[in-house]
Amino acid sequence: MKKKEDILETIELLKTTSQFIGDARANLTAPYHLTHTQAVILLDVYHHPNETKITDICKRLNKTTNTISPLVKRLVEKGYLVKKQNSFDNRVFEVSFSEKGMIMMKSINEDVLKFSTPLFNELSDEEFSNLYKSLKILNKVCGLE
């Protein structure tokens with residue numbers, strides 16, 4: 001049985017790490033004039049290129065279509081995404097990256113690597129492996145895999 005103090009400390013560590021990652025994401029996407037949620041939508045589309053229905057994005061991000069649709073519309077207006085009706089069901093819309101959006105995502109990914117590589121290089125190979133395994137387990141327990 002886990003001790004209450006250890007669980008509470010782990011929660012605090014996760015909150016701190018989450019805040020750090022959120023701040024880093026904001027700094028890395030600021031040059032592209034993206035809000036936090038717009039950046040998360042773009043990352044979701046990037047990591048799920050074959051599941052790009054608006055409803056799929058909403059489910060993965062645990063948001064309503066009333067929240068996601070206007071943000072997708074702004075990303076389309078900025079030229080990062082292309083929105084089209086599904087050929088089998090006109091009620092369903094799918095999004096994909098425009099050429100401009102794909103170039104931007106490649107640039108963001110390069111920035112993420114430049115930012116994160118020095119952090120991960122501070123870890124020994126064993127520490128990095130343990131972190132990787134622990135995050136995989138946490139994602140599995142949380143139902144994210």
Side-chain angles (χ1 to χ4, degrees), residues 6-145:
D6 292 341
I7 292 172
L8 291 173
E9 185 176 351
T10 301
I11 291 168
E12 285 304 310
L13 289 167
L14 286 169
K15 285 178 11 184
T16 302
T17 303
S18 178
Q19 183 64 50
F20 175 80
I21 290 169
D23 292 346
R25 180 186 300 124
N27 290 333
L28 291 168
T29 58
Y32 304 96
H33 308 289
L34 298 171
T35 66
H36 169 79
T37 309
Q38 287 174 330
V40 170
I41 290 168
L42 291 173
L43 287 167
D44 182 76
V45 173
Y46 185 80
H47 290 289
H48 301 94
N50 298 321
E51 303 170 41
T52 59
K53 293 183 206 136
I54 300 288
T55 54
D56 293 336
I57 296 167
C58 292
K59 285 177 190 171
R60 284 191 297 271
L61 300 182
N62 197 28
K63 304 285 184 196
T64 66
T65 54
N66 289 341
T67 300
I68 297 300
S69 291
L71 295 171
V72 167
K73 181 180 177 185
R74 285 188 205 110
L75 291 167
V76 169
E77 290 168 355
K78 289 181 179 188
Y80 295 137
L81 293 177
V82 175
K83 182 177 172 182
K84 64 178 181 175
Q85 280 185 310
N86 181 287
S87 57
F88 299 108
D89 187 344
N90 288 338
R91 298 169 298 169
V92 176
F93 287 91
E94 299 172 344
V95 295
S96 59
F97 279 102
S98 65
E99 186 174 332
K100 176 183 176 181
M102 191 52 79
I103 290 169
M104 178 204 53
M105 285 305 298
K106 286 180 182 178
S107 180
I108 289 173
N109 281 328
E110 288 172 12
D111 292 343
V112 167
L113 277 175
K114 286 178 194 172
F115 171 80
S116 59
T117 299
L119 297 173
F120 290 133
N121 283 340
E122 290 290 319
L123 302 173
S124 70
D125 290 346
E126 183 179 356
E127 289 169 331
F128 182 81
S129 178
N130 288 337
L131 175 63
Y132 176 80
K133 289 174 189 173
S134 295
L135 290 171
K136 292 287 278 184
I137 291 167
L138 183 60
N139 280 349
K140 183 177 178 183
V141 169
C142 291
L144 303 173
E145 283 193 1

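On a predicted model such as this, the values are computed, not experimentally measured, just so you know. In what follows, residues are counted from 1 in the order of the sequence shown.
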Say you draw a straight line from [atom1] of [X] to [atom2] of [Y]; how long is it, rounded to the nearest 0.5 Å?
X      : Y      : atom1 : atom2 : result
Leu131 : Lys133 : CG    : NZ    : 11.5 Å
Asp56  : Leu61  : CG    : CG    : 10.5 Å
Ile21  : Leu28  : CD1   : CG    : 11.5 Å
His36  : Gln38  : NE2   : CD    : 11.0 Å
Phe128 : Asn121 : CZ    : CG    : 9.0 Å
Ile57  : Ser69  : CD1   : OG    : 9.0 Å

* Asked: Do you know which of Thr67, Asn62, Asn66 makes side-chain hydrogen bond (donor to acceptor under 3.5 Å, both in side chains) with Thr64?
  -> Thr67
* List for me each residue that meets side chain to side chain donor-acceptor pair (under 3.5 Å) alongside Asp89, sequence neighbours excluded, and say none if there are none. => Arg91
* **Residues Leu81, Phe97; criterion side-chain contact (heavy atoms from CB on, under 4.5 Å); working and verdict** => CA-CA 4 Å; Leu81 293 177; Phe97 279 102; 3.9 Å; yes
Give a yes or no answer on whether the side chain of [X] reaches the backbone of [Y] with a donor-acceptor pair at less than 3.5 Å.
X     : Y     : value
Lys78 : His33 : yes
Thr16 : Glu12 : yes
Thr17 : Leu13 : yes
Ser18 : Leu14 : no
Thr52 : Ser96 : no

Might you point out which heavy atoms bring [X] and [Y] nearest each other, and give the distance in Å?
X     : Y     : answer
Thr65 : Pro70 : O-CD, 3.9 Å
Ala39 : Arg25 : CB-CD, 4.0 Å
Tyr80 : Tyr32 : OH-O, 3.4 Å
Asn90 : Gln85 : O-NE2, 2.7 Å

Kindly list each side-chain donor-acceptor pair under 3.5 angstrom involving residues 41-50, sequence neighbours excluded, with atom names and distances?
from, atom 1, to, atom 2, distance (Å)
Asp44, OD1, His48, ND1, 3.3
Asp44, OD1, Arg60, NE, 2.8
Asp44, OD2, Arg60, NE, 3.1
Asp44, OD2, Arg60, NH2, 2.8
Tyr46, OH, Asn109, ND2, 3.1
His48, ND1, Asp44, O, 3.1
His48, ND1, Arg60, NE, 3.3

* Within 6.0 angstrom of Glu126 CD, more than 12 heavy atoms from elsewhere -> no
* **Glu127 atom CD, over 12 foreign heavy atoms within 6.0 Å** => yes
* To do: Answer whether the closest heavy-atom distance between the side chains of Met104 and Leu34 falls below 4.5 Å.
  => yes
* To do: Could you give me the CA-CA distance, side-chain angles and deciding distance for Thr29 and Asp111, then say whether side-chain contact (heavy atoms from CB on, under 4.5 Å) is met?
  => CA-CA 9 Å; Thr29 58; Asp111 292 343; over 6 Å; no
